[in-house]
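Everything below concerns the one structure shown next.
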Amino acid sequence: MKIKQVLISQPKPAEIEKSPYFELMKKYNLCVDFYKFFRIEGLSSIDFRKENKVRLADQTAVIFTSKHAVDHFFRLAGELRAEIPETMKYFCSSESTAYYLQRYIQYRKRKIFFSNKEASDLVDIIRKHKSEKYLLPCNEDHNNELSDLLDIQKIAYSKAVMYRTVSDDMTFLDLNKYDLLVFFSPAGIKSLQKNFPDFTQGEKIIGVFGNTTAEAAKEAGLNVQIEAPSTLAPSMAKAIEQFLAANNKSR
């Protein structure tokens, strides 16, 4: 199958010429469209109070698994007029999330910890601070991997839903014209199912980024042919390039 039309379920890069997909477009004469399939909505302070029985100011440590969690934690703290003490400790699932905290706090004056590996590595760090009162801000439809690990290690924490993923209306898209569809999260797969309940893959190629996205795609009955990251393809663009190169050789 010759791939010409590609749908990337992410916003179009601000400078497409600097995007790795631009090189693919030139090299393989591709037409690439960018559309994000969902959006993140924060809970209002009223909904937060209804759905969570936790006071932000009572916590001594926060566990952040994404930049969205950071944004909505500090947004709700402001709306609820909850004073976040300078002694608050922050535990992040990645270095980029940890550095993102600079938008809200003086980074060098706070106790910030992070892990760039598996969730279990972050939990190992948290175990060294077991006496803290932990808050875990999360999505309404969140992955339980981290909370399950915290439970196993008997870490006391409060889970607080602060935002939700909402599928956007994508019915304007004509999926029939695309040869390759690429998804980066389970939310994108769910949006595909919601917007196109009668979608059949047929000969279309499906690409996914991340294990949870791959699992969601397979649960949806999709046949995944391109997966990233991997040792040889750390990015989605690289994985697509490798697939296209192999596909062209076999023709």
Side-chain angles (χ1 to χ4, degrees), residues 1-14 16 19-41 65-66 68 138-145 148 161 163-251:
M1 177 184 179
K2 192 170 184 180
I3 296 175
K4 285 295 182 184
Q5 301 279 342
V6 180
L7 175 62
I8 303 291
S9 61
Q10 281 191 329
K12 184 177 180 179
I16 186 65
S19 165
Y21 296 108
F22 185 69
E23 295 301 319
L24 291 179
M25 293 163 69
K26 290 196 301 180
K27 184 175 182 179
Y28 294 97
N29 192 27
L30 301 176
C31 177
V32 180
D33 290 335
F34 296 86
Y35 293 103
K36 191 168 183 178
F37 274 50
F38 61 91
R39 65 186 184 278
I40 301 296
E41 285 187 355
T65 58
S66 70
H68 292 304
C138 59
N139 193 322
E140 188 175 56
D141 185 19
H142 58 275
N143 187 314
N144 287 319
E145 180 186 6
D148 287 346
V161 173
Y163 54 100
R164 56 172 64 96
T165 302
V166 180
S167 295
D168 273 329
D169 182 0
M170 308 303 298
T171 54
F172 65 89
L173 286 174
D174 178 12
L175 294 187
N176 291 322
K177 78 175 188 178
Y178 296 107
D179 309 307
L180 168 60
L181 306 178
V182 183
F183 297 93
F184 294 82
S185 73
I189 300 295
K190 289 181 180 179
S191 182
L192 172 70
Q193 292 178 292
K194 182 177 180 179
N195 281 283
F196 307 97
D198 299 322
F199 173 76
T200 54
Q201 181 175 350
E203 296 185 355
K204 295 184 190 302
I205 306 300
I206 299 292
V208 298
F209 188 88
N211 293 332
T212 57
T213 311
E215 290 172 9
K218 291 167 185 175
E219 287 175 6
L222 301 176
N223 177 26
V224 176
Q225 294 103 318
I226 304 176
E227 290 191 53
S230 67
T231 304
L232 297 177
S235 69
M236 195 70 240
K238 187 63 176 178
I240 293 172
E241 181 179 17
Q242 291 177 356
F243 181 87
L244 292 174
N247 186 57
N248 286 354
K249 284 183 181 178
S250 63
R251 294 179 66 252

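Numbers here are sequence positions counted from 1.
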Closest non-hydrogen atom pair, [X] against [Y]:
X: I226; Y: A239; result: CG2-CB, 3.8 Å
X: Q225; Y: K204; result: NE2-O, 3.7 Å
X: L181; Y: Y178; result: CD2-CB, 3.6 Å
X: L222; Y: F199; result: CD2-CE2, 3.8 Å
X: I189; Y: A216; result: CG2-O, 3.7 Å
X: P234; Y: P229; result: O-CB, 3.4 Å

- Message: For a side chain to side chain contact (heavy atoms under 4.5 Å, CB included) check, start with the C-alpha distance between D33 and L173, then their side-chain angles and the critical distance, and finish with the verdict.
- Response: CA-CA 10 Å; D33 290 335; L173 286 174; 6.0 Å; no
- Message: Does either side chain, that of T165 or that of D141, offer a donor lying less than 3.5 Å from an acceptor on the other one?
- Response: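 Their side chains do not contain a donor-acceptor pair, so the 3.5 Å distance test is not met.
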- Message: Quick check with a 6.0 Å cut-off and a 45 degree axis cone: is K36 positioned over the face of F38's six-membered ring?
- Response: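 The answer is yes; both the distance and angle limits are met.
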- Message: Between K26 and E23, is the side chain to side chain contact (heavy atoms under 4.5 Å, CB included) condition met? List the steps.
- Response: CA-CA 5 Å; K26 290 196 301 180; E23 295 301 319; 3.8 Å; yes
Can you tell me how far the [atom1] atom of [X] sits from the [atom2] atom of [Y], to the nearest 0.5 Å?
X: L7; Y: C31; atom1: CG; atom2: SG; value: 10.5 Å
X: Q201; Y: I206; atom1: CD; atom2: CD1; value: 4.5 Å
X: E41; Y: N139; atom1: CD; atom2: CG; value: 11.0 Å
X: N176; Y: F196; atom1: CG; atom2: CZ; value: 9.5 Å
X: L192; Y: S9; atom1: CG; atom2: OG; value: 9.0 Å

- Over 60° means perpendicular and under 30° means parallel, so classify the ring planes of Y163 and H68, tilted if in between.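 Correct class here is tilted.
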Polar side-chain atom of [X] near backbone of [Y] as donor-acceptor pair, under 3.5 Å:
X: D179; Y: Q5; result: yes
X: Q10; Y: F184; result: no
X: T171; Y: N195; result: no

- Item | Side-chain heavy-atom pair Y21, I240 within 4.5 angstrom cut-off |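 Side chain of Y21 against side chain of I240, heavy atoms only: contact under 4.5 Å found.
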- Decide if atom NZ of K4 counts as having more than 12 heavy atoms of other residues, nucleotides or ligands within a radius under 6.0 Å.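 Atom NZ in K4 is packed in, count exceeds 12.
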- Query: Just wondering, more than 12 heavy atoms not from D174 lying within 6.0 Å of its CG?
  - Reply: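 For D174, atom CG is crowded (more than 12 foreign heavy atoms under 6.0 Å).
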- Message: If you apply the rule side chain to side chain contact (heavy atoms under 4.5 Å, CB included), what do you find for N247 with I205, and how did you get there?
- Response: CA-CA 11 Å; N247 186 57; I205 306 300; over 6 Å; no
- Item | Inter- and intrachain pairs under side-chain hydrogen bond (donor to acceptor under 3.5 Å, both in side chains), touching residues 233-242, at least two apart |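 side-chain hydrogen bond (donor to acceptor under 3.5 Å, both in side chains) check on residues 233-242 returns K27-E241.
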- Message: Any salt bridge linking R39 with D168? Criterion: basic side-chain nitrogen under 4.0 Å from a carboxylate oxygen.
- Response: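 Salt bridge flag = yes for D168 with R39.
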- Message: Which residues pass the side-chain contact (heavy atoms from CB on, under 4.5 Å) test with T231, not counting sequence neighbours?
- Response: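 Counting only residues at least two positions away or on another chain, T231 forms no side-chain contact (heavy atoms from CB on, under 4.5 Å).
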- Message: Pair R164, I40 - check side chain to side chain contact (heavy atoms under 4.5 Å, CB included), show working.
- Response: CA-CA 6 Å; R164 56 172 64 96; I40 301 296; over 6 Å; no
